Every structure is written in C-alpha cells, then in structure tokens.
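Below is one structure, written out as structure tokens; comments come after it.
These figures come from a predicted structure and were not determined experimentally. Values below: all heavy atoms of this structure, side chains included; hydrogens, waters and symmetry mates excluded. Ligands are counted one by one from 1 in listed order, and the atoms in each one are counted from 1 as well.
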Amino acid sequence: MDKILIRGGKPLKGSVQVRGAKNAALPLMAATILAEQACTLHNIPCLHDVFTMDKLLTSFGAKVEFTGRYMTIDPSSIDTQVASYDLVRKMRASFFVLGPMLGRFGTAKVSLPGGCAIGTRPVDIHLKGLEALGAKIAIEDGYVIATGQLTGANYSLDFPSVGATENIMMAATRAKGLTRISNAAREPEIVDLAHFLNAMGAQISGAGTDMITVVGVDALSGTEHTVMPDRIEAGTFLVAALATHGDITALDANPDHLPNFLDKLRDAGAEVEILSSGIRVKAKNGVKAVDFTTQPFPGFPTDLQAQMMSMLCVAEGTSVIRESVFENRFMQVAELVRMGASIALDGNSAIVKGVPQIAGAPVMASDLRASAALVVAGLAASKGETSIARVYHIDRGYERIEERLASLGADIERVQE
Ligand code: UD1
C-alpha cells in the first residue's frame with residue numbers, strides 16, 4: 001500500500017491543469033448504456049472510480065476502450081442487465097446504471113451500493129422516482145430488481161439528490177411521454193449529463209434548474225462529448241494555495257461552477273481573479289476565519305467542506321462549519337486534531353478555532369474528500385512531516401495528486417510501504 005509524505009510550509013505557486021470531473025464522467029459513462037451505437041467521451045480522468053465503472057460496463061458485455069484521455073464505449077453488445085455486488089460495493093456511483101438499464105431494456109438487477117463511509121446514504125429517492133415512472137421494484141438478497149416499460153410522470157424529489165436526479169432523468173429519456181422532475185438537483189454535472197443525452201437524441205430541458213422536463217424518445221444514438229472540468233479538484237487546489245499563502249491558477253476551472261465557494265475564499269482573505277484560462281487564487285494578508293454551511297448547488301459544496309476546514313485550522317479567528325448534506329462527514333476532524341488543530345464537534349457543526357500553526361503527523365485517510373483535507377493540512381503544516389496512509393481513497397478521485405502538487409512547489413512524494 002502506498003503512502004503520501006508531505007513536508008509542508010511551502011507556498012504553492014504556478015498553474016495546474018484541472019482534469020475532467022469524476023462526478024460527471026461516471027454518470028456519463030453509465031448513460032452510454034442508453035445508446036444503440038458507440039459513444040466517445042473526451043477528457044476522462046484517469047481515476048480508480050473510472051476504472052471501476054469501466055469494469056462494470058464491461059461486465060454487462062459492453063466494449064470499452066480507454067486510451068489517453070478519451071474513452072469509447074460500445075453498448076450494442078450488452079447481454080446482461082445484472083450489476084454484481086462485487087463491483088457495486090466498491091463505488092456508490094455504480095448505482096447510476098439502474099436508470100439507463102431500465103430505460104433501455106425494461107429490466108435491471110443492481111446490487112445496493114456501498115461507497116464512501118459518510119453516513120447511511122440511502123437510495124429511496126432513486127427508487128421512488130423510478131416507481132413514479134411505472135417501474136416495479138423489488139429488493140431481493142441485497143439487489144434492487146426493477147422491471148417495466150416506463151411512462152412519463154410528474155415526480156417531486158423529497159431532497160434534491162444529485163444521483164437520484166441523474167438516474168430518473170436517464171430513465172425518463174426512454175419513457176413514453178412527458179416526465180417532469182421537480183425539486184431536482186441543480187449541480188453542473190447534471191447539466192453536463194443533459195447535454196450529452198440531448199446530443200444522443202434525448203429531449204431534456206431545464207437541467208440546471210429545479211424543474212427538469214424530459215420528453216421520452218424511441219431510441220438514442222451514439223455521439224461524442226467532452227467531460228466538464230472537475231470543480232471539486234479545482235477547489236481543492238485553490239484552497240491549498242490559500243492555506244499555504246501561495247498564488248496558483250487552476251487552468252480550465254469554471255467560476256460559475258463554484259459561486260459560493262469562491263465567495264468564501266474571498267471572505268477568508270484571498271484575492272480571486274477570474275481569467276480566461278481559469279481561476280487564480282492569491283493569498284493577500286493571511287487567512288481569516290469564515291463560517292459556512294454545505295448545501296446543494298449553488299450553495300457551498302459538501303465535497304469541499306473538509307479541505308476548507310483544513311485551511312481554516314490555521315486561520316485567524318474561529319469558524320463555524322455546518323454540514324447539512326451528509327451526516328457523519330467530519331471524518332477528517334480526529335486526524336486534524338492530531339496535527340495540532342483545535343476543532344470541537346457539536347452535532348452537524350464543527351467549531352474551528354484557528355491556531356498559529358499545525359504540525360505534520362502520521363495520519364490515515366478515511367474517505368475521498370477527508371483524505372484530500374489531510375493533504376491540504378499536510379501542505380499547510382509549517383513543521384514536521386505528514387505521512388498519509390490508505391491513499392487509495394485519494395486515488396479514487398484525484399489523478400496523481402502528488403505529482404501535480406509537486407509541480408506547484410510542494411514537497412510531496414508517494415512511497416511504497
Ligand atoms: C453526489 C456526488 C458526491 C456528492 C453528493 C452531494 C457523485 C458520483 N457523487 O453523490 O460526491 O458529495 O452528490 O453533492 O456525483 N439521499 C437520500 N436518499 C436517496 C439519495 C440521497 O436520503 O435516495 C440523501 C443522502 O443520504 C445525502 C443527500 O441525500 O444525505 C445527498 O445525497 P446525493 O445528492 O444523492 O449524493 P450522491 O448522488 O450520492
């Protein structure tokens with residue numbers, strides 16, 4: 001197993017290319033199941049979660065070719081609609097295959113998912129949405145078995161779940177008639193997925209608002225699409241720049257994808273410049289405390305909460321962070337405290353009292369974004385060495401993070417235990 005070693009205290013400087021978004025690439029890959037011919041996706045990131053989705057599609061009989069940054073998926077040879085526990089338990093996003101499978105074949109058997117250890121993360125909204133479209137759903141031996149020809153319907157989500165919005169939207173492209181999804185999630189990844197589906201011949205409007213309308217069509221065809229830039233990866237680099245009093249540009253990062261986050265960086269004392277090439281963040285006079293609450297888009301992204309907390313550990317003043325999207329998403333706190341941070345937990349709130357400095361320590365990654373937070377903390381620690389174990393969590397969502405941070409001047413390396 002690999003470890004990442006960081007000797008912190010060096011300001012990050014320079015430019016870094018943001019890769020294609022993991023959270024867009026995974027549903028896009030699943031959506032290809034709906035096509036009658038091959039689809040090509042450009043700007044696919046080289047990540048473990050992408051490899052898992054590749055294996056899952058291959059296990060259905062699809063032909064997947066992944067070369068460089070583009071992937072061709074030919075779903076015409078799919079001959080089974082069963083997503084096995086072995087693959088689905090590795091990644092919650094495997095559940096995205098349910099909607100497209102059901103939409104195209106009228107049947108799907110998908111294991112209930114595993115994924116990051118951040119709360120119970122049920123799938124009730126996905127299932128209620130598909131039932132509203134006429135699917136018959138049964139749970140047997142840990143599998144969801146969905147069958148039925150779908151018919152358009154009006155469905156209002158109990159909560160704007162990203163995955164449920166995507167699953168229902170994909171299924172509805174092949175339902176008979178009109179589907180209206182209200183209280184839909186508005187994340188940019190949903191807009192990216194809708195663009196792809198429309199290029200395949202779907203008729204979706206309203207993606208990016210809380211009301212998505214889908215007119216079902218008889219067939220979808222192969223097409224090409226370029227995956228949007230990863231706003232969470234961009235945000236992780238930008239927050240690391242501020243935490244180390246640096247100055248970096250995240251190339252290709254889109255400011256419209258991170259409105260609340262960029263406002264909070266400004267409140268924390270950063271100079272944020274929107275360039276035609278991306279987003280530049282420069283530390284001005286130190287880092288100040290800020291309060292924030294995670295919320296569905298366009299609010300503060302829950303996937304950047306942990307990294308922002310690491311930065312606020314060394315800010316001037318006390319910050320209050322409220323996590324309103326997931327329960328149990330403060331897995332990084334115990335490790336940050338071991339590095340000298342002062343954090344108290346109170347239910348779904350964390351009170352972070354800034355300290356003048358934190359120090360490197362051996363720490364353990366527990367989930368994807370919590371591990372990214374440990375990297376940010378290691379970079380911000382002004383003395384000692386941080387060694388992060390279980391880096392496979394980081395590799396699920398960040399491509400060779402150590403090489404890219406090293407190119408910005410960080411003293412960071414990956415070693416084999
Ligand atoms: C997606 C992202 C993840 C991000 C999250 C919130 C992908 C691959 N992952 O996850 O990185 O952190 O959005 O922005 O895109 N919920 C239910 N019932 C359901 C579905 C969700 O109660 O059927 C709850 C969840 O437990 C959670 C909240 O809704 O508390 C948000 O979850 P959701 O938006 O569905 O997240 P994911 O799509 O799993």
Side-chain angles (χ1 to χ4, degrees), residues 20-31 44-45 47-50 52-53 56 88 90-99 110 112-132 137 139 144 146 155-171 181 183-193 210 227-228 230-233 235-236 257-258 260-261 293-308 322-332 348 367-373 393-394 396-398:
K22 168 182 90 74
N23 286 353
L26 298 173
L28 289 167
M29 287 171 72
I44 290 271
L47 300 172
H48 276 211
D49 277 6
V50 165
T52 304
M53 186 61 92
L56 188 59
V88 178
K90 290 192 179 140
M91 180 180 77
R92 181 179 164 85
S94 310
F95 207 64
F96 290 145
V97 300
L98 180 63
V110 179
L112 284 162
C116 280
I118 47 172
T120 48
R121 301 184 81 173
V123 289
D124 55 317
I125 305 173
H126 299 242
L127 301 185
K128 279 195 256 174
L130 296 175
E131 272 175 340
I137 307 268
I139 312 275
V144 173
Y155 178 68
S156 180
L157 277 68
D158 298 336
F159 178 89
S161 152
V162 177
T165 302
E166 293 172 334
N167 240 334
I168 299 163
M169 184 169 85
M170 287 190 277
I181 309 168
N183 199 25
R186 291 179 282 165
E187 269 66 5
E189 291 77 11
I190 290 167
V191 179
D192 206 36
L193 177 61
D210 61 1
V227 181
M228 63 174 269
D230 195 317
R231 61 198 176 101
I232 305 304
E233 187 190 71
T236 304
H257 294 172
L258 290 165
N260 190 277
F261 169 76
T293 300
T294 65
Q295 249 145 17
F297 191 83
F300 193 100
T302 173
D303 284 350
L304 284 169
Q305 175 261 109
Q307 302 89 313
M308 185 81 168
R322 219 168 67 79
E323 173 59 59
S324 84
V325 178
F326 286 109
E327 53 188 78
N328 195 19
R329 211 180 191 181
F330 288 133
M331 309 280 279
Q332 72 279 13
N348 65 350
D367 70 60
L368 170 55
R369 304 306 171 186
S371 11
H393 286 293
I394 303 180
R396 283 190 49 204
Y398 294 87

Exercise. Under 4.0 Å, heavy atoms only, figure out whether ligand 1 is touched by the backbone of E327, its side chain, both or neither.
Key: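 Neither part.
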Quiz item: Any idea which part of P122 is under 4.0 Å from ligand 1, heavy-atom wise: side chain, backbone, both or neither?
Solution: both
Exercise. Kindly give the heavy-atom pair with the smallest separation between V88 and S94, and that separation in Å.
Key: CA-OG, 3.5 Å
Would one find an N or O of [X], backbone or side chain, under 3.5 Å from an N or O of ligand 1?
X    : result
E166 : no
R92  : yes
I125 : yes

Quiz item: Should V325 and Q305 count as side-chain neighbours, where that means a heavy-atom distance under 4.5 Å?
Solution: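 SC-SC contact between V325 and Q305 ruled out.
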Quiz item: Should E189 and F297 count as side-chain neighbours, where that means a heavy-atom distance under 4.5 Å?
Solution: no
Atoms in ligand 1 flagged as close to [X], the criterion being non-hydrogen separation under 4.0 Å:
X    : answer
G163 : 35 (O), 38 (O)
T302 : 6 (C), 12 (O), 14 (O)
D124 : 17 (C), 18 (N), 19 (C), 22 (O), 23 (O)
V325 : 27 (C), 28 (C), 30 (O), 31 (C)
R329 : 12 (O)

Exercise. Please state whether H126 comes within less than 4.0 angstrom of ligand 1, counting heavy atoms only.
Key: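 In this structure, H126 qualifies as a contact of ligand 1 - some heavy atom is under 4.0 Å.
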Looking at [Y], is its backbone amide N or carbonyl O close enough to the side chain of [X] to form a donor-acceptor pair, meaning the two atoms are under 3.5 Å apart?
X    : Y    : result
E187 : I190 : no
D230 : K22  : yes
N167 : H126 : no

Quiz item: Going by atom types only, do Q295 and S324 share a side-chain donor-acceptor pair under 3.5 Å?
Solution: no
Self-check item: From I232, L127, V162 - option closest to atom 34 (O) of ligand 1 by heavy atom
Solution: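 Comparing heavy atoms across I232, L127, V162, the nearest one to atom 34 (O) of ligand 1 lies in V162.
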Quiz item: For the side chain to side chain donor-acceptor pair (under 3.5 Å) test, which of D303, N348, D367 pairs with R329?
Solution: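 Of the listed residues D303, N348, D367, the side chain to side chain donor-acceptor pair (under 3.5 Å) partner of R329 is D303.
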